[in-house]
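This is the structure I want to talk about, given as structure tokens.
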Amino acid sequence: MNLLDVHEQQQARSRSPSWATAGQTWVDNIGASATLIGVYFVAQELHGFSTGQNFVLGLLQGITYITGALSAGPVTRRLAGPGRAISTRAFLAWLHVALFACTQLPLWWSSPTAIWIMVGLFSTLSGVLWPLVESFHSAGRTGADLRRGSSIFNLSWASCQVVTFWALAPFMALNPSLAIPALGLSNLVAMLFLPWFSREPAPHAHDPSHTPSSDHRQGLRRLLEGHRFLLILSYVVYSALTPMLPILIERLSVRDGWATVLTSVWMFTRVLAFWIMGLWSGWQGRAVTLVWPGVLLTAGFLVCALAPSAAVLAVGLAVFGTGMGAIYSTAFYYAMEVGASGVDAGGKHEALIGLGYLGGPALGVGAGLIVGSTSRPGTDALAVALGVTVLAAATAALIALRVRTVRPGTPARSTH
């Protein structure tokens, strides 16, 4: 192998610039947010989906997202990468084209069936896409650099969701059938950032000035395990809340077109949480972050489910979003740090999110079966709230049992 070949290989696996991966992530999430979150509002408005039908749609999303996330690593290694016909970057480009095609399905097929097919395909492809993007973004970073890089990544996709739900408002008021196809164009626009990606994700970085002890590594793994429990809980709660929101908001007599704007409250406070967690290093290695984010998450959901007015619902959404942001920040950081920023590490992280996507709708469907015989308004929300409370308590007990040897400030405290 000559020097030119060595140089080309080094360039191919150099670190992708944060501005490019963050830009791609921001634009990509316009279509993703509209298709996987906004779809509940679109389905209710166009096809009269009930809360129960939205929960079943959420089940489909959870199953397909898990399938895509777990297959991300094996599929990528089989189709792309060094020695393959195409690079991992090129594989990303083809995924973007496929995602765009999915979002256009309801444009020429106005049927509830099109909604089901679109969500199933889009969710599967998203499960493959995001572990790859996470690997490109976090590869070559560790410690404080990884914390800051993770914050940039999280801020990009989370801030986009706020903007997307504001953009959905005029579509919902004028022509809901165009909402997802129009915003799905973003999947093609996001490809403009891909030329600045490296051809392959860079190798994981190791700081020579900081060689972690075995106790430190064990502490990181324990914290990762605990935050994974929290991550699953957070997405169970999230995926239980989002299918309920259209009906909860409708009961509160919120004006047409403002439902998605009200929903964006929790997305905004999640952005604030991502920003704070990126600036503040005090949470790294501290077991206290296994406590307060889960309390905020659960309390916020309960306030939302039982809110008697739009103002109280907004407060609940704000608290819920803060908990979501804190949990995702810590879980993503430990997943990338312990998993060496690989596609498989991202795949496991996204599969756990998919498990949460599955659990929330399952909880909602179960609650619907239990209270199906009553017509009293709010009974379904009360049943789901009770289920979430029990699940949160069980998660707290699991975390206490599994990570009881990790004490605040030891041994996983980052020193760089």
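For this chain, numbers begin at 1 and follow the sequence in order. All values below come from the heavy atoms of this structure, side chains included, with hydrogens, waters and symmetry mates left out.
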Shortest non-hydrogen contact from Ser33 toward Thr164: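 Scanning both residues, the minimum pair turns out to be CB-CG2, 3.9 Å.
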From CA spacing to verdict: side chain to side chain contact (heavy atoms under 4.5 Å, CB included), Gln24, Leu92: CA-CA 11 Å; Gln24 174 271 334; Leu92 265 182; 5.7 Å; no
Exam field: side chain Thr263 to backbone Ala259, donor-acceptor pair closer than 3.5 Å: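 Checked: pair present.
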Reported CD1-to-OH distance for the pair Ile327 and Tyr238, which is rounded to 0.5 angstrom: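 The OH atom of Tyr238 is 14.0 Å from CD1 of Ile327, to the nearest 0.5 Å.
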Heavy-atom side-chain contact between Leu125 and Cys102 under 4.5 Å: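 Heavy-atom side-chain distance check passes, below 4.5 Å.
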Any donor-acceptor N/O pair, Gln61 side chain to Leu36 backbone, under 3.5 Å: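 Checking the backbone N and O of Leu36 against the side chain of Gln61, a donor-acceptor pair under 3.5 Å is found.
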Heavy-atom check, side chain of Phe229 versus side chain of Leu290, under 4.5 Å: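 No, their side chains stay 4.5 Å or more apart.
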For the student: nearest non-hydrogen atoms of Leu132 and Val128, plus distance: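 Looks like CG-O, 3.5 Å.
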pair Leu358-Tyr65: side-chain heavy atoms closer than 4.5 Å: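 No. Closest side-chain heavy atoms not under 4.5 Å.
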Worked check of side chain to side chain contact (heavy atoms under 4.5 Å, CB included) between Met324 and Phe320: CA-CA 6 Å; Met324 278 288 291; Phe320 167 78; 3.6 Å; yes
Interatomic spacing from CG in Leu168 to CD in Gln161 - rounded to 0.5 Å: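 Rounded to the nearest 0.5 Å, the CG-CD separation comes out at 11.0 Å.
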Close side-chain approach of Val388 to Leu233, heavy-atom, < 4.5 Å: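 Answer no - side chains too far apart.
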Residues forming a side-chain contact (heavy atoms from CB on, under 4.5 Å) with Pro176, sequence neighbours excluded: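 With sequence neighbours excluded, Pro176 shows a side-chain contact (heavy atoms from CB on, under 4.5 Å) to Glu45, Leu46, Met172, given in chain and number order.
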Distance in Å, Leu245 CG paired with Leu317 CG, rounded so as to fall on 0.5 Å steps: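 One gets 6.0 Å once the value is rounded to the nearest 0.5 Å.
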Test item: Cys304 and Leu241 side chains (from C-beta on) under 4.5 Å apart, heavy atoms: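 Counting from C-beta outward, Cys304 and Leu241 do come under 4.5 Å.
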Test item: Gln53 side-chain N/O and Ser50 main-chain N/O as donor-acceptor pair under 3.5 Å: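 Here the side-chain-to-backbone pair exists.
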Residue pair Met118 / Leu105: nearest heavy atoms and the distance that separates them: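 Taking Met118 first and Leu105 second, the nearest heavy atoms are N-CD2, 3.9 Å.
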Closest heavy-atom pair and its distance - Pro181, Gln104: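 Closest heavy-atom pair between Pro181 and Gln104: O-NE2, 2.9 Å.
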Main-chain N/O of Phe100 paired to Thr103 side chain as donor or acceptor, under 3.5 Å: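 A pair under 3.5 Å: yes.
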Separation of Ser123 OG from Leu99 CG (nearest 0.5 Å):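 Separation between the atoms: 10.5 Å.
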Atom pair CH2/OG1 of Trp130 and Thr25 - distance to nearest 0.5 Å: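 Going from CH2 on Trp130 over to OG1 on Thr25, the span is 4.5 Å.
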Derivation and outcome, side chain to side chain contact (heavy atoms under 4.5 Å, CB included), residues Leu296 and Trp292: CA-CA 6 Å; Leu296 291 177; Trp292 61 265; 3.8 Å; yes
Point-to-point distance, once rounded to the nearest 0.5 Å, from CG of Leu178 to CG of Leu107: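 Atom-to-atom, Leu178:CG and Leu107:CG are 6.5 Å apart.
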With sequence neighbours excluded, residues passing side-chain contact (heavy atoms from CB on, under 4.5 Å) with Ser239: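 For Ser239, the residues satisfying side-chain contact (heavy atoms from CB on, under 4.5 Å) (neighbours in sequence not counted) are Tyr357, Pro361.
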Shortest non-hydrogen contact from Asn54 toward Ala43: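 Shortest heavy-atom separation between Asn54 and Ala43 comes out as OD1-CB, 4.2 Å.
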Heavy atoms of other groups near Trp94 CH2, more than 12 under 6.0 Å: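 For Trp94, atom CH2 is not crowded (no more than 12 foreign heavy atoms under 6.0 Å).
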Heavy-atom neighbours of Trp116 CH2 exceed 12 at 6.0 Å: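 Yes - once you tally the heavy atoms of other residues, nucleotides and ligands closer than 6.0 Å, there are more than 12.
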Option from Glu200, Arg77, Arg199 for which side-chain hydrogen bond (donor to acceptor under 3.5 Å, both in side chains) with Thr88 holds: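 The residue from Glu200, Arg77, Arg199 that satisfies side-chain hydrogen bond (donor to acceptor under 3.5 Å, both in side chains) with Thr88 turns out to be Glu200.
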Thr35 side chain vs Ala32 backbone, donor-acceptor pair below 3.5 Å: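 Checking the backbone N and O of Ala32 against the side chain of Thr35, no donor-acceptor pair under 3.5 Å is found.
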Shortest non-hydrogen contact between Leu297 and Ser234, atoms and distance: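 The answer is CD2-CA, 3.5 Å.
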Contact check, side chains of Trp166 and Ser264, non-hydrogen atoms, under 4.5 Å: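 Yes. Closest side-chain heavy atoms under 4.5 Å.
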No-hydrogen, no-angle side-chain donor-acceptor test under 3.5 Å, Asn29 and Trp26: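 There is no such pair between these side chains.
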Side-chain touch Phe153/Thr21, heavy atoms, less than 4.5 angstrom: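 A side-chain contact under 4.5 Å is absent here.
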From CA spacing to verdict: side chain to side chain contact (heavy atoms under 4.5 Å, CB included), Tyr328, Trp157: CA-CA 12 Å; Tyr328 192 95; Trp157 64 261; 3.6 Å; yes
Validation row: Val312, Val303 side chains within 4.5 angstrom (heavy atoms):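 Val312 vs Val303: side chains touch.
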